[in-house]
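Lettering of chains follows the sequences in order, A, B, ..., and the numbering in each one begins at 1.
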Amino acid sequence: MRWSQALIPTLREAPNDAEVASHIFLLRAGYIRQLAAGLYDYLYLGQRSILKIIAIVREEMDRIAQELYLPALHPAEIWQTSGRWEVMGDNMFRLKDRFDRDLCLGMTHEEIMADLARRELRSYKQLPQIWYQIQTKFRDEPRPKSGLLRVRQFTMKDSYSFDLDEAGLDISYQKHHEAYCRIFDRCGLRYMIVSAHSGSMGGSQSHEFMVRSDAGEDLIASCAACGYAANVELASAGVQFAPEPVENAAAEEYATPGQRTIAEVSAFTGVQPHRLIKSLLFMAGDKPVLVLVSGDDEVNETKLATVLGQEARPAHPEEIVRHTGAAAGSVGPVGLKLRILADPTLQTRSGLICGANRDGFHLRHVNPGRDFQPEWVDVRTVRGGDSCPQCGKPLQVAKAVEIGHIFKLGRKYTQAMEVRVLDAQGKEIVPIMGSYGIGVERILTAAIEQNHDENGFWLAPSIAPFQVVVTIVNAGDAAMVNAAETIYKDLGAAGVDVLLDDRDERPGVKFKDADLIGIPLRVTVGKKVGQGLVELVERVSRTTRDVPLAQVPTLIAGLLQEQVQPVRA
RNA sequence: CGGGGCGUAGCGCAGCCUGGUAGCGCACCUGCCUUGGGCGCAGGUGGUCGCCGGUUCAAAUCCGGCCGCCCCGACCA
């Protein structure tokens, strides 16, 4: 492609509403334009890159699965069958057809795939089946953000496995694990694989593929020493028995007028936050549950839901008063007749401070186990520096972008959708299901988050819109133009994706643009063509070398070869 | 949905407080000049100032309502 003919609308300045690097550069490099909140036009370069990512995904998925293509527009009935017509709530785009029938735009396809399985699968001999599609998903996100990172319409590779039993599911799951590694390796990403929350639906196992980035919305706890890695939604820390002197003084009430938050009480009393008990009232259905963690810890609602076997929400102010007798800020476990859960970090501490269940008062010299008897369960959110549950070394906590998720679903959907096959004994059985997703645009976004500097970004040749840009320093110089045209033709003939910058612009403009738009290699055709030389520039390292014109195709082929080597985080 | 910010030319912004009929830089067009890191000179094109209503002789500017976008939080298969 000739740059002079292409729509590559680069911007010198970033639009004011872009904040994260990938968003800024996708806009500046002319990959995307915004249509509305969470909706983007993919322009020439953006679409080219997305298509290359899709090609890699398709190639690797074809090794383990069959590609299908299911509708994005779904009748309500099928979602009502699984119960998710209600569960999905406002996140689902809903509409009606001309006969006033309810429809929705697909957020995901478990139901639709299971419906197909129900209609087409009869015998255990047909299992296992792995079906995938690359398709548009619609989610009415409460808050789209960060460019392509969280949007309302996006492309997903989603696949679904149907197996006879758990052992079969293990194999399908493992196949996806390996396929995902190959895909992300080939896209040149540095990623981690972490244990993830398997949901309230009783799934048995789940892993997320994560790319470290401050733009990410997930927090990952990881251990450099032993390789433990988990989403903080479920990460646990090794129990920390900090040696603390035992205090035996009796608990007593004392006035703390107007002191409500941990920070306020700590400042008022001069006592460190970890010597306070944070007491939060949750409602599990209509049942109140008091949850206790150290004053410097946070309650992990995902873990809490797992412990309770159902989702819990923070109690409303009037519920807090009704169940404890005090307003939030003066609540504590002593003397309360409700279910009390406490994190084990409190177990070895004594002489603590907690709310007195009387407005404006706290208790001091409180000893867990003596003054109240909780159930000891892990409900705190792991923090950086906590000890690794596997090896005891300090954990790191960092933000990450989720690019893929694999999930052992169990029989929830096959049961609900009544998928049944006959086994070898002629008995009806319900197949077990897995589901697996890759966010296609997130691969591009994560790659930019990972590989950028102040001038722009660089993509792996496998997913870059072009592998090479040939820059003509002076478009008015016939010798330069001729040499560049030759290189352009030869590279094209060799199967290299090449962009020829034939614009009549000053060299500075062309260099800045070339650095900006993510192309990994550049050939600069300048004054040295007189001696038969051009420059070969690698965007990653910005290394430049003079090479004879005739050697360009060979050298480029070599460089493209090298760069497909997988790099693991 | 709660809190905050913003909306003036394709992009970045000023003007608004103190009302008087819209401006700067970049981009774009024409010509000359220049050609190794966003050249220079000259001349141009382009805006119902987010929308609706009100106040006023007069509204980008003041008042009311609405819409949109961004950020923080809540939410999130």
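- Residues Val509(A) and Glu217(A) each lie close to RNA chain B; by heavy-atom proximity, the contact nearer the 5' end of the strand is made by Val509(A).
- A sub-4.0 Å separation between OP1 or OP2 of rC69(B) and a side-chain N or O of Lys145(A) is absent.
- A heavy-atom distance below 4.0 Å to RNA chain B is reached by these residues of residues 510-518 of chain A, ordered by number: Phe511(A), Lys512(A), Asp513(A), Asp515(A).
- Counting to the nearest Å, the P atom of rU35(B) and the CG atom of Asp477(A) are 11 Å from each other.
- You'll find that the side chain of Pro15(A) is closest to rG12(B), out of rG36(B), rU35(B), rG12(B).
- Proximity note for Pro142(A) (side chain, C-beta onward) versus rC69(B), rC75(B), rU34(B): the nearest is rC75(B).
- Pairs passing the salt bridge (Lys or Arg N to Asp or Glu O under 4.0 Å) check and including a residue from residues 103-114 of chain A, sequence neighbours excluded, read Arg84(A)-Glu110(A), Arg84(A)-Glu111(A).
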Walk along nucleotides 23-33 of chain B from 5' to 3' and tag each nucleotide B, S or - by protein heavy-atom contact under 4.0 Å, base first, then sugar-phosphate. --BSS------

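- Scanning for side chain to side chain contact (heavy atoms under 4.5 Å, CB included) contacts around Ile262(A) gives Pro273(A), Leu276(A), Lys278(A), with sequence neighbours left out.
- Remark: Asp378(A) pairs with Lys303(A) by the salt bridge (Lys or Arg N to Asp or Glu O under 4.0 Å) rule, at least two apart or across chains.
- Under the side chain to side chain contact (heavy atoms under 4.5 Å, CB included) criterion, His452(A) pairs with Ala21(A), Phe25(A), Phe457(A), not counting sequence neighbours.
- Residues satisfying the side chain to side chain contact (heavy atoms under 4.5 Å, CB included) test with Gln5(A), not counting sequence neighbours, are Met1(A), Arg2(A).
- Under the 30°/60° scheme for interplanar angles, the aromatic rings of Phe162(A) and Trp131(A) are found to be tilted.
- When the side-chain nitrogen and oxygen atoms of Arg143(A) are compared with OP1 and OP2 of rC72(B), one or more of them lie within a distance under 4.0 Å.
- Ring geometry, His405(A) versus Phe407(A): the interplanar angle falls from 30° to 60°, so the pair is classed tilted.
- For Leu219(A), the side chain to side chain contact (heavy atoms under 4.5 Å, CB included) partners at least two apart in sequence or on another chain are Val232(A), Val397(A), Lys399(A).
- Rounded to whole Å, atom P of rC70(B) lies 13 Å from atom CD of Glu141(A).
- Residues in residues 509-527 of chain A take part in these side chain to side chain donor-acceptor pair (under 3.5 Å) pairs, two or more places apart or across chains: Thr10(A)-Asp513(A), Arg503(A)-Asp513(A), Asp515(A)-Arg522(A), Asp515(A)-Arg542(A), Arg522(A)-Thr524(A).
- Every residue two or more places apart in sequence or in another chain that forms a salt bridge (Lys or Arg N to Asp or Glu O under 4.0 Å) with Glu166(A) is listed here: Arg411(A).
- Rounded to whole Å, atom P of rC72(B) lies 12 Å from atom CZ of Arg150(A).
- Where Arg542(A) and Tyr40(A) each meet RNA chain B at their nearest nucleotide, the meeting point lying more 5' is that of Arg542(A).
- The side chain to side chain donor-acceptor pair (under 3.5 Å) pairs that include a residue from residues 142-152 of chain A are Glu141(A)-Arg150(A), Arg150(A)-Glu217(A), where partners are two or more places apart or lie in different chains.
- For RNA chain B, the residues of residues 466-474 of chain A within the heavy-atom distance limit of 4.0 Å (strictly under) are Val473(A), Asn474(A), sorted by number.
- Checking the phosphate oxygens (OP1, OP2) of rG68(B), no side-chain nitrogen or oxygen of Gln34(A) falls inside 4.0 Å.
- Of all nucleotides listed (rU34(B), rC13(B), rG36(B)), rG36(B) comes nearest to the side chain of Pro507(A).
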